K.L.:
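I am attaching a structure below and will ask some questions about it afterwards.
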Number of protein chains: 2
Amino acid sequence: MAVDKGYMSGSSQLLVLSVLKEKPCYGYELIKTLKNQSNNVFDMQEGTLYPILHKLENEGLVCSSKQEVAGRTRKVYSVTDKGLKVLEKEKEEWKEFSSAVNQVLAFGSM
Amino acid sequence: MAVDKGYMSGSSQLLVLSVLKEKPCYGYELIKTLKNQSNNVFDMQEGTLYPILHKLENEGLVCSSKQEVAGRTRKVYSVTDKGLKVLEKEKEEWKEFSSAVNQVLAFGSM
DNA sequence: TATTATACCTAGTAATACTAGGTATGTCAA
DNA sequence: TTGACATACCTAGTATTACTAGGTATAATA
């Protein structure tokens, strides 16, 4: 990551769900999309992403379908209805969390 | 925490430094201050805070002095010059990180 | 033909915060 | 007075998370 990796904790799943909501895609593609949408701030590693996708599918938050394209197998992931609900909840939590951090930082600048 | 604990990763040190910059305080007090300044969002556990303070002191980012008040021993922590520099750097990283998350979330809402 | 890009995967490691305890004193109500 | 709660410190072990560093395989390109 361009930013300290510690900040990623907890938000990776949120980011993955958000990208997949905008457009279903396969893992390799998702990494590039995430990088583009974040102005190169997020450079998620494959070793980070694939386990997340498997976990999300296990929990029924995303589903996948295999595609054969030019001799390559791709697993295209989409967000399920359940996943959309979780995404909305996590977005709320993110807002609450980031607002709280900003508030504490504001105190520290007085 | 009021928010999913995962989000805390990486930002706890930033929050602790920010609180101490505003006002030097001892551990037990810091937890209450952090809770107040965040509108009860951050309810940091002692088992989380004390190791962080020890690590920060080890790295020279804070320093402590013992105080005896009403039969109790308090260790009052202050941010060092080195700590202030690290705090500023971490604030920048936080801004970059949170902006990037918000940008990705905005894409997911289009 | 060798390198790079594509596309998937996992085992082991490091970092972080939490749980769940422990010690000890002061205060306040039953 | 005694038992509960708040104050104030601490640590060992655990869980979660993301990363490192590999592995497999095909297609394109230099």
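What you see is a predicted model, and the numbers here were worked out from it, not measured in a lab. Per chain, numbering begins at 1; letters A, B, ... match sequence-line order. Only this structure's heavy atoms are used, side chains among them; waters, hydrogens and symmetry mates stay out.
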K.L.:
For DNA chain D, find the residues of residues 19-28 of chain A with a heavy-atom distance under 4.0 Å and give them by number; none if there aren't any.
P.N.:
none
K.L.:
What's the shortest heavy-atom distance between Thr80(B) and Gly60(B), and which atoms?
P.N.:
OG1-O, 2.7 Å
K.L.:
How does each nucleotide of nucleotides 21-26 of chain C score, in 5' to 3' order, for protein heavy atoms under 4.0 Å: base (B), sugar-phosphate only (S), or none (-)?
P.N.:
----BS
K.L.:
For a quick test of reading the model: is some side-chain N or O of Lys75(B) closer than 4.0 Å to OP1 or OP2 of dC10(D)?
P.N.:
yes
K.L.:
If you compare all heavy atoms of Leu53(A) against all heavy atoms of Leu20(A), which two are closest, and at what distance to 0.1 Å?
P.N.:
CD2-CD1, 4.2 Å
K.L.:
Under the salt bridge (Lys or Arg N to Asp or Glu O under 4.0 Å) test, which residues partner Glu92(B), sequence neighbours left out?
P.N.:
Lys95(B)
K.L.:
Rounded to whole Å, how long is the line connecting atom CG of Leu49(A) with atom C1' of dT6(C)?
P.N.:
15 Å
K.L.:
Atom NZ of Lys66(A) to atom P of dC8(C): distance rounded to whole Å?
P.N.:
11 Å
K.L.:
Find which nucleotide of DNA chain C each of Gly47(A) and Thr73(A) is nearest to by heavy atoms, and output the residue with the more 5' nucleotide.
P.N.:
Thr73(A)
K.L.:
Closest-nucleotide mapping onto DNA chain D: is Glu29(B) or Pro51(A) further toward the 5' terminus? I mean the 5' end.
P.N.:
Glu29(B)
K.L.:
Name the atoms and distances for all side-chain donor-acceptor pairs under 3.5 Å in residues 27-35 of chain B, with sequence neighbours left out.
P.N.:
| unit_1 | atom_1 | unit_2 | atom_2 | d |
| --- | --- | --- | --- | --- |
| Glu29(B) | OE1 | Tyr26(B) | N | 3.2 |
| Glu29(B) | OE2 | Lys23(B) | NZ | 2.8 |
| Thr33(B) | OG1 | Glu29(B) | O | 3.0 |

K.L.:
Expressed as a whole number of angstroms, how long is the span from Tyr50(A):OH to dT24(D):P?
P.N.:
17 Å
K.L.:
Which atom names give the shortest non-hydrogen contact between Leu17(B) and Leu56(B), and what distance separates them?
P.N.:
CD2-CD1, 4.1 Å
K.L.:
Quick one: on DNA chain C, does His54(A) or Arg74(A) contact a more 5' nucleotide (nearest heavy atom)?
P.N.:
Arg74(A)
K.L.:
Indicate every side-chain donor-acceptor pair of residues 62-71 of chain A with a distance under 3.5 Å to a residue at least two apart or in another chain.
P.N.:
| unit_1 | atom_1 | unit_2 | atom_2 | d |
| --- | --- | --- | --- | --- |
| Ser64(A) | OG | Glu57(A) | OE2 | 2.7 |
| Glu68(A) | OE2 | Thr73(A) | OG1 | 2.7 |

K.L.:
In this structure, how many angstroms lie between the P atom of dC10(D) and the CE atom of Met44(B), rounded?
P.N.:
15 Å
K.L.:
With a 4.0 Å cutoff (strictly under), does any side-chain N or O of Lys32(B) reach OP1 or OP2 of dA6(D)?
P.N.:
no
K.L.:
Round to a whole Å and report the spacing from CD of Gln13(A) to C1' of dT17(D).
P.N.:
11 Å
K.L.:
Under 3.5 Å, is there a donor-acceptor pair between the side chain of Lys82(B) and the main chain of Glu59(B)?
P.N.:
yes
K.L.:
Grab the OH-P distance between Tyr77(B) and dA8(D) for me, whole Å please.
P.N.:
14 Å
K.L.:
In whole angstrom, give the distance that lies between atom CD of Glu68(A) and atom P of dA25(D).
P.N.:
15 Å
K.L.:
Using side chain to side chain donor-acceptor pair (under 3.5 Å) as the criterion, list what pairs up with Lys75(A), not counting sequence neighbours.
P.N.:
Tyr77(A)
K.L.:
Would you name the heavy atoms of Phe97(B) and Ser11(A) that are closest together and state the gap between them?
P.N.:
CZ-OG, 3.4 Å
K.L.:
From NZ of Lys55(B) over to P of dT11(D), roughly how many Å is that when rounded to an integer?
P.N.:
15 Å
